[in-house]
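What follows is a short report on a single structure.
Keep in mind that the numbers below use all heavy atoms, side chains included, and drop hydrogens, waters and symmetry copies. Labels below follow one simple rule: chain letters A, B, ... track the order of the sequence lines, proteins then strands, and each chain is numbered from 1.
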Protein chains: 2
Amino acid sequence: MDEINWPPNVIKANYIAETIRQRIADGTYPPDTPVPSEHALVQEFGVARGTARKALRRLVDAGDAYVVRGLGTFVTPPPAEKS
Amino acid sequence: MDEINWPPNVIKANYIAETIRQRIADGTYPPDTPVPSEHALVQEFGVARGTARKALRRLVDAGDAYVVRGLGTFVTPPPAEKS
DNA sequence: TATGATTTGTGCGTATGTATT
DNA sequence: TAATACATACGCACAAATCAT
C-alpha cells in the first residue's frame, strides 16, 4: 500500500472524514454496516489513532454515523421517505 | 449550545477547575463518580485539550479528584466522620 | 465457563506551529 | 520577551464491551 500523498493545508481528520463520507454516499459502506475501525484508519491513512478517532467523531457529530462500544462505528440509515 | 462567556482576566484552566469544584460541592458529581473527561470538557467549554487537562490536573493536585487510568477522573470522597 | 481478538473510551506524555495578551 | 491558549498531530497504556472460539 502506498503512503497517502497528503494535500497541503488540509486537516487530516477532515480529509479522512470526507473520504469516508464519500464512500457512504457511493454505497461502499451501506446503512447500518460498519465504517472502518480506528485501527483500520490508522493502517489505511498512516495516521495516529487520535487522528482517526477525530475523523470518526466528525461523522458521528454530523449524524452520519453512530457508535456501538465494543462493536464499532456504523453508517446512520437515511430517514424514511414519505409516500 | 451557547458559547461560554469567559470572564476577563481569568485563566481558563482555573475557571474550569473552579466550575467543576462547585458541581462537586452541590452534588452534581457525587463522590466516586466521574467528573467530565478531557474530551467532554473540550466540548463543553470549547477549549483545547491541554487546557482541559490542566483543569483536571488542578483538581487532582488539590485532592478533590483522583484518576484511574483507562477509566477516568473521579470525585474524591470526603473524609469519614468520627462518631 | 473462560479465553482471546477486536473495538471503542479514557488518560498520559510529547511535539510543532500560530495567535493573543 | 514570556505566559497563556488554541489547533493539530504522534504514540502509548489500560479499561470495558462485544463477539468468536
Side-chain angles (χ1 to χ4, degrees), chain A residues 1 3-20 23-24 28-76, chain B residues 1-20 23-24 29-76:
Chain A
M1 190 67 88
E3 315 111 32
I4 309 294
N5 199 354
W6 289 110
N9 301 322
V10 298
I11 281 75
K12 292 184 181 180
N14 289 344
Y15 180 89
I16 296 172
E18 266 314 303
T19 301
I20 298 174
R23 293 178 186 171
I24 292 174
T28 301
Y29 309 135
D32 289 319
T33 64
V35 299
S37 70
E38 295 175 358
H39 180 70
L41 293 178
V42 167
Q43 300 298 311
E44 178 179 355
F45 293 93
V47 296
R49 191 191 162 196
T51 306
R53 280 181 64 79
K54 230 183 213 173
L56 293 175
R57 189 58 192 269
R58 299 266 154 87
L59 298 174
V60 172
D61 286 349
D64 297 319
Y66 61 94
V67 174
V68 181
R69 193 177 178 189
L71 259 184
T73 305
F74 300 81
V75 178
T76 301
Chain B
M1 190 67 85
D2 296 338
E3 313 110 30
I4 308 294
N5 198 352
W6 290 109
N9 301 322
V10 299
I11 280 70
K12 291 188 182 181
N14 289 343
Y15 180 88
I16 295 173
E18 267 312 304
T19 300
I20 298 175
R23 293 179 185 171
I24 292 174
Y29 309 137
D32 291 319
T33 63
V35 299
S37 69
E38 294 179 356
H39 181 72
L41 293 179
V42 168
Q43 299 296 311
E44 176 178 355
F45 292 93
V47 297
R49 183 190 163 208
T51 306
R53 290 191 56 189
K54 252 184 207 168
L56 292 174
R57 187 68 185 275
R58 300 264 156 88
L59 297 173
V60 172
D61 286 349
D64 296 319
Y66 62 94
V67 173
V68 182
R69 205 178 176 195
L71 260 186
T73 306
F74 300 80
V75 178
T76 302

List the atom of A:A65, the atom of A:T73, and the distance in Å for their closest heavy-atom pair. CB-CG2, 3.8 Å
Any donor-acceptor pair under 3.5 Å between the side chain of A:R49 and the base of C:dG9? yes
Where is the tightest heavy-atom contact between B:L41 and B:A52, given as atom of each residue plus distance? CB-CB, 3.8 Å
From the options D:dC6, D:dA15, D:dC19, select the nucleotide whose nearest atom is closest to the side chain of A:R69. D:dA15
Considering every strand and a 4.0 Å limit on heavy-atom distances, what is the contact class for B:V68: base, sugar-phosphate, or nothing? nothing
Closest-nucleotide 5' rank along DNA chain D - winner of A:R58 and A:G50: A:R58
Length of the line joining A:I11:CD1 and D:dC6:C1', which is rounded to integer Å: 13 Å
Per the atom types in the model, does the base of C:dG13 pair as donor or acceptor with the side chain of B:R53 at under 3.5 Å? yes
B:D61 CG to C:dG11 P, straight-line distance once rounded to whole Å: 15 Å
Can you name the closest pair of heavy atoms from B:T51 and B:K12 and give their distance? CG2-CB, 3.9 Å
Separation of D:dA9 atom C1' from A:L56 atom CG, nearest Å, is 16 Å
Whole angstrom value for the distance that separates P of D:dT4 from CD1 of B:I16: 15 Å
Check the angle between the aromatic planes of A:Y66 and A:F74 and answer parallel, tilted or perpendicular using the 30° and 60° thresholds. parallel
Is the shortest side-chain N/O distance from A:K12 to OP1 or OP2 of D:dC10 below 4.0 Å? yes
Gap between atoms CD and P, on A:Q43 and C:dT7 respectively (whole Å): 11 Å
Could you check how far CZ of B:F74 sits from C1' of D:dA15, rounded to whole Å? 10 Å
Rounded to whole angstrom units, what separation is found between the NZ atom of A:K54 and the P atom of D:dG11? 15 Å
Whole-Å distance between D:dA5 P and B:F45 CZ? 14 Å
Which nucleotide sits closest to the side chain of B:E38: D:dC10, D:dA16, C:dC12? C:dC12
Option among B:R57, B:K54, B:R53 that satisfies the salt bridge (charged side-chain N to carboxylate O under 4.0 Å, His left out) test with B:E38: B:R53
Considering only heavy side-chain atoms of B:T73, the closest of D:dA5, C:dG11, D:dC19 is C:dG11
Assert: residue with more 5' nearest nucleotide on DNA chain D, out of B:A13 and A:A48, is B:A13
Look at B:T51 and D:dC6 and indicate whether a side-chain polar atom (N or O) is within less than 4.0 Å of OP1 or OP2. yes
Identity of whatever pairs with D:dT8 - Watson-Crick or G-U, under 3.5 angstrom: C:dA15
